[in-house]
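Reading through the C-alpha cells given below for one structure.
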Amino acid sequence: MESNNQKNMTVTALLSATLQARFASILDDTPQDITVVETQNPKFGDYQCNAAMGLAKRLGKIPRELAKAVVEAGPMPTGIAGMEVAGPGFINIFLDDNWILQKTSHIGNDPTSGIPQQGEGKTVIIDYSSPNVAKPMHIGHIRSTIIGNAIDRMYRSLGYHVIADNHIGDWGTQFGILIMGYRKFLDKDRLKQAPIEELERIYVTSYERARNDDDWMDACRAELVKLQKGDPENRSLWQTFIEISLGEFEKIYQRLDVHFDLIRGESFYHNDLADVISTLREQALAEESEGALIVRLEDEGLPVCIVQKRDGGYNYATTDVATVQSREAEFHPERIIYVTDERQQLHFKQFFAIARKTGCQSRLEHVWFGLMRLPEATFSTRQGNVIKLEALLDEAERRAYDMVSELNPDMPEPERKEVARAVGIGAVKYADLSQNPQTLITFTWDKALALDGNSGPYLQYAYARIASLLDKYSAREGTPISDQTSLQLTDPRERALCIQILRFPDVVTRAAAAYRPSVIADYLYTLSQTYSSFYQNVPCLKADPGVRESRVRLCAITATILKRGLNILGIETPARI
RNA sequence: ACCCUCGUAGCUCAGUUGGAUAGAGCAGCGGACUUCUAAUCCGCAGGUCGCAGGUUCGAAUCCUGCCGAGGGUGCCA
C-alpha cells in the first residue's frame with residue numbers, strides 16, 4: 001500500500017528516490033544528484049538512470065561496475081521488474097506491469113490526475129496580456145494572452161494560488177493626444193459601431209497632426225497635464241476610453257476563455273511613484289545625471305536606468321517598481337511572472353535589479369517570446385499591415401465550420417457552430433502554444449489554422465473519438481464504464497499507452513518549471529499518436545468480455561488526461577466533432 | 001560598437017537542460033475505409049544539427065572565434 005506521500009510523487013521522483021537509496025546502500029555517503037529520466041527509445045527500458053557514469057568518475061570507480069553493483073544491490077524495489085546495465089554505464093529500468101496498471105488507475109481516478117500539488121499555500125502573480133487602452137488587440141497581443149493564460153492554468157493545476165493580473169496601459173502620454181483627437185475628430189456613429197477602431201482612428205489622426213503642428217502638440221500636452229491634475233472633464237473622458245477599451249478586450253477574452261483576477265492598469269500605481277523616487281533617493285540608489293534621475297547598475301552588468309525624466313515625468317521602470325511593491329505588500333507572492341515580448345528583456349533585467357535593491361523578496365521571472373512576423377514584412381501599426389485578433393478568430397471559426405460540416409453534415413446547426421468555435425479557437429491557441437516561445441515566428445494563416453498533423457484539432461479529434469467510443473459502450477451495456485474496472489495488459493500497445501499516461505504528472509511539473517506550455521503540447525501530441533495507433537490496431541468494443549472492459553477503461557483514462565492537458569492549455573474538448 | 005536570442009530534412013518545428021542509431025508534422029511515394037468517427041493508421045524516402053576549433057567516456061546541447069537572421073542599448077512602453 002502506498003502512502004499519500006508517494007501518491008503525490010511523479011514517477012521520476014519516485015524512481016529517483018529509489019535509485020538514490022540504492023546508490024547510498026553501496027556507497028559511504030548519499031549522493032545527491034541521482035536522477036531518473038524517461039527513455040527516448042523503448043528498447044532501453046521505460047526509464048533510465050545515467051548517474052553512474054558521472055559519479056564513478058568522481059569516485060575513481062569504473063562506471064559499468066558501479067552501475068552493475070547498483071543493479072545487484074538487492075531485490076528489485078517496488079514498481080521495478082528489472083534493471084540492466086548498458087553501454088558505458090546506463091542503468092535501464094523496466095517497470096513492473098502490475099505497478100504500471102495500479103499507477104495508471106490512480107492517475108485516471110485522482111482528482112488532480114496525479115499532478116503533485118507542490119504549490120499548496122503559495123501565491124503566484126502572473127502578469128500577462130496587458131494591452132493598451134484605445135488600441136485594438138492584434139496578433140501581436142495574442143501570444144502574451146495565450147501563453148500567459150496557459151502558464152496561469154499550469155500553476156493552478158499544481159495547486160498554486162494564482163492571481164492573474166492584467167496590467168493594462170491606461171496611463172501615459174497617449175491620453176493628451178487622444179483627448180484632442182476626441183474633441184476634434186470624433187465620428188459618433190462610428191464610435192457606436194466600432195468603438196475601439198474609432199478610438200484608434202482619432203488617436204492616429206491626432207498623432208499625425210501633432211507631428212507636424214507644434215501648437216497641436218502643445219495643446220495635447222496641456223490636456224495631459226489637466227488630466228493628471230484631476231480635471232473632471234478630462235478625467236471623465238479618460239474613464240470613457242478605458243470603459244470602451246475594456247469592453248472590447250472583454251469580448252476577446254470571452255472568446256479565448258481567458259479570465260483575470262485583477263485588472264489593474266498603470267494608473268492604479270500612479271500615486272505611489274513619488275514615494276518610489278524618494279525611497280530610491282534615500283537609499284542613495286538614484287542620482288541625478290543630465291537633469292534626469294538615474295539608477296546605476298554597473299554592478300549587475302547592466303546599463304543605466306532612468307527612473308525620472310528631466311521634465312519630472314516617470315518611466316515605465318518606476319511604475320513597475322511601484323507595482324511590485326504594492327503586490328508584495330498586498331499578496332505576499334512567492335513569485336511574480338511577467339509574460340511579454342522579447343523587446344522588453346533589458347527593461348525587465350533592469351527593473352528586477354532595482355526591485356531587489358529596494359528589498360523585494362519575491363522571485364521575479366520574465367517569460368518572453370519572439371515577435372510574430374508576416375511573411376511579406378515585419379508587421380507594424382504604422383504600415384497598417386496588422387492582423388486584428390478579431391479577424392483572426394473569425395477566420396479560424398469559419399475554416400473550422402467548413403471542416404466540421406464536411407465531416408459531420410448531419411450535425412444540427414447550433415451544435416455545428418459551437419463545435420466550429422471550439423475547434424477554430426483551439427487551432428489558433430495550439431499553433432501558438434505548441435512551439436518554443438523563444439523563437440521568431442512567422443505568421444501564416446495556414447499554419448495558425450492547421451487542422452491536421454500536429455494541431456489542436458488533431459488532439460480534439462482524438463478526444464472526440466474516445467468520447468464516441470465511450471458513449472457507444474454505455475449504450476450497449478446500459479451503463480458507463482466503471483472507474484473501478486481493473487486494467488490488464490494483453491497487447492504491447494496497451495502498455496505503451498499506459499507508459500505515456502504515467503508521464504503526465506512529470507510533464508506538467510517540467511512545463512511549469514520551464515514556463516513552457518509547449519512541453520505539454522508536445523506530450524499531448526505524443527499521447528494522441530500513441531492512442532491513435534492503439535485504437536487503430538487493437539479492438540476495444542469488439543474485444544472479448546473482460547479484455548473489452550479493461551481497454552474501454554484505458555480509453556476513458558486517456559480521454560481524461562487529454563481533457564485535462566488540453567484544459568491546461570486553455571483548449572476545449574467537444575464530445576463530438 | 002556592445003548586449004540578448006535564434007540557425008536542425010525541400011517547408012514548419014521538437015529534441016526531457018551533457019546521453020545510446022537526431023525525431024514529428026506538412027509536401028512526395030506506396031498501402032489500409034460495407035469503420036469502434038480515415039481530421040486516422042501502417043510503410044518508404046528525405047540530415048556535414050550555419051562554419052571552424054575546444055572541453056570529456058559521450059556534444060545539436062557547454063566554451064572560444066567567425067558567418068547569417070531578428071531584437072535591444074539614459075529621458076517610449
Side-chain angles (χ1 to χ4, degrees), chain A residues 12 37-41 43-44 48 50 53-54 56-57 63-64 86-90 92 130 132 169 172-174 266 289-296 301-311 313-317 319-320 340-347 349-350 368 370-371 373 378 403-404 406-408 423 431 434-436 438-442 444 446-447 450-455 457-458 460-462 464-470 472-473 503 506-507 510-511 514 518-519 521-523 525-526 528-529 532-543 551-552 555 576-577:
Chain A
T12 60
V37 298
E38 295 129 348
T39 53
Q40 297 271 17
N41 189 330
K43 83 176 186 193
F44 300 133
Q48 62 177 295
N50 305 332
M53 292 169 286
K57 178 162 189 136
R64 275 194 71 100
F90 296 106
N92 294 337
S130 308
N132 287 318
T173 51
Q174 76 262 34
E266 293 160 18
S289 169
E290 296 172 34
L293 201 62
I294 62 163
V295 176
R296 294 194 180 278
L302 295 169
V304 165
C305 182
I306 295 180
V307 291
Q308 189 171 25
K309 295 187 277 190
R310 196 169 5 194
D311 67 4
Y314 303 104
N315 290 65
Y316 193 35
T319 310
D320 275 336
T340 80
D341 69 66
E342 62 183 336
R343 291 176 302 182
Q344 303 193 35
Q345 284 178 82
L346 177 59
H347 161 71
K349 281 182 191 165
Q350 291 179 314
W368 58 267
L371 279 181
R373 287 167 187 79
T378 317
M403 194 61 88
V404 173
E406 197 178 316
L407 183 76
N408 227 332
V423 172
S434 61
Q435 61 182 285
N436 181 346
Q438 299 184 343
T439 53
L440 169 155
I441 103 166
T442 302
T444 59
D446 284 341
K447 199 179 162 215
L451 301 172
D452 57 359
N454 187 357
S455 71
Y458 173 94
Q460 289 172 319
Y461 181 66
R465 286 164 96 191
I466 306 179
S468 164
L469 178 94
L470 295 176
K472 201 152 279 183
Y473 177 86
R503 293 184 173 189
D506 267 314
V507 165
R510 203 156 54 220
S518 62
V519 170
D522 205 49
Y523 164 79
Y525 183 60
T526 305
S528 293
Q529 283 187 125
S532 290
S533 180
F534 160 79
Y535 175 75
Q536 196 81 24
N537 296 297
V538 181
C540 294
L541 290 181
K542 290 175 181 168
R551 287 182 183 163
V552 171
C555 290
R576 291 212 301 161
I577 284 188

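Hydrogens, waters and symmetry mates play no part in the numbers below; they use all other heavy atoms, side chains included. A, B, ... follow the sequence lines: proteins, then strands. Residue 1 opens every chain.
Using a 4.0 Å heavy-atom cutoff across all strands shown, A:Q529 reaches sugar-phosphate atoms only and no base atom. Residue A:V295 is out of contact with every strand shown, counting any heavy-atom pair closer than 4.0 Å. Using a 4.0 Å heavy-atom criterion, one finds that A:I577 contacts the bases of the nucleic acid, with or without backbone contacts as well. If you check every strand for non-hydrogen atoms under 4.0 Å, A:Y473 touches nothing. Within the nucleic acid shown, A:N537 comes within 4.0 Å of sugar-phosphate atoms alone, with no base atom in reach, counting heavy atoms only. The residue A:Y458 sits close only to the backbone: its heavy atoms come under 4.0 Å of sugar-phosphate atoms, none of a base. Note on A:Q308: nothing from the nucleic acid sits closer than 4.0 angstrom, heavy atoms only. Residue-level contact check: A:S532 touches the backbone only, with heavy atoms under 4.0 Å from sugar-phosphate atoms and none from bases. When heavy atoms are screened at a 4.0 angstrom cut-off, A:A56 is found touching no nucleic acid atom at all. Using a 4.0 Å heavy-atom distance criterion, A:N315 is classed as a sugar-phosphate-only contact. Counting non-hydrogen atoms under 4.0 angstrom, A:D341 reaches nothing in the nucleic acid. Within the 4.0 angstrom heavy-atom criterion, only backbone atoms of the sugar-phosphate kind lie near A:E266; the bases stay farther away. A:N92 comes within 4.0 angstrom of a nucleotide base, judged by non-hydrogen atoms across all strands.
To the nearest 0.5 Å, the span separating CD1 on A:I577 from CG on A:N408 amounts to 9.5 Å. Atoms CD1 and SG, on A:I466 and A:C540 in that order, are 9.5 Å from each other to the nearest 0.5 Å. Distance check: A:Q344 CD to A:D320 CG gives 8.5 Å after rounding to the nearest 0.5 Å. Distance check, rounded to the nearest 0.5 Å: CG of A:L293 to CG of A:N315 gives 10.0 Å.
The distance from atom CG of A:D311 to atom P of B:C76 is 8 Å, rounded to the nearest whole Å. Distance, A:Q435 CD to B:A24 P: 19 Å, rounded to whole Å. Between the P atom of B:U5 and the CD atom of A:Q344 lies a distance of 17 Å, rounded to the nearest Å. Between the CG atom of A:N454 and the C1' atom of B:A14 there is a distance of 9 Å, rounded to whole Å. B:U37 atom C1' lies 11 Å from atom CZ of A:R576, rounded to whole Å.
A distance of about 23 Å separates the C1' atoms of B:A52 and B:A9, rounded to the whole Å.
Annotation: of the two residues near RNA chain B, A:S533 and A:G169, the 5′-most nearest-nucleotide partner is A:S533. Between A:P539 and A:G453, it is A:G453 whose nearest contact on RNA chain B lies nearer the 5' terminus.
For the pair A:Q435 (side chain) and A:S518 (backbone), a donor-acceptor distance under 3.5 Å is absent.
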**Q.** Dot-bracket line, read 5' to 3' along RNA chain B, where crossing pairs take [ ] and | marks a partner on another strand, Watson-Crick or G-U under 3.5 Å
**A.** (((((((..((((.....[...)))).(((((.......))))).....(((((..]....))))))))))))....
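B:A20 has A:F90 stacked on its base ring, the centres lying under 5.5 angstrom apart and the planes within 30 degrees of parallel.
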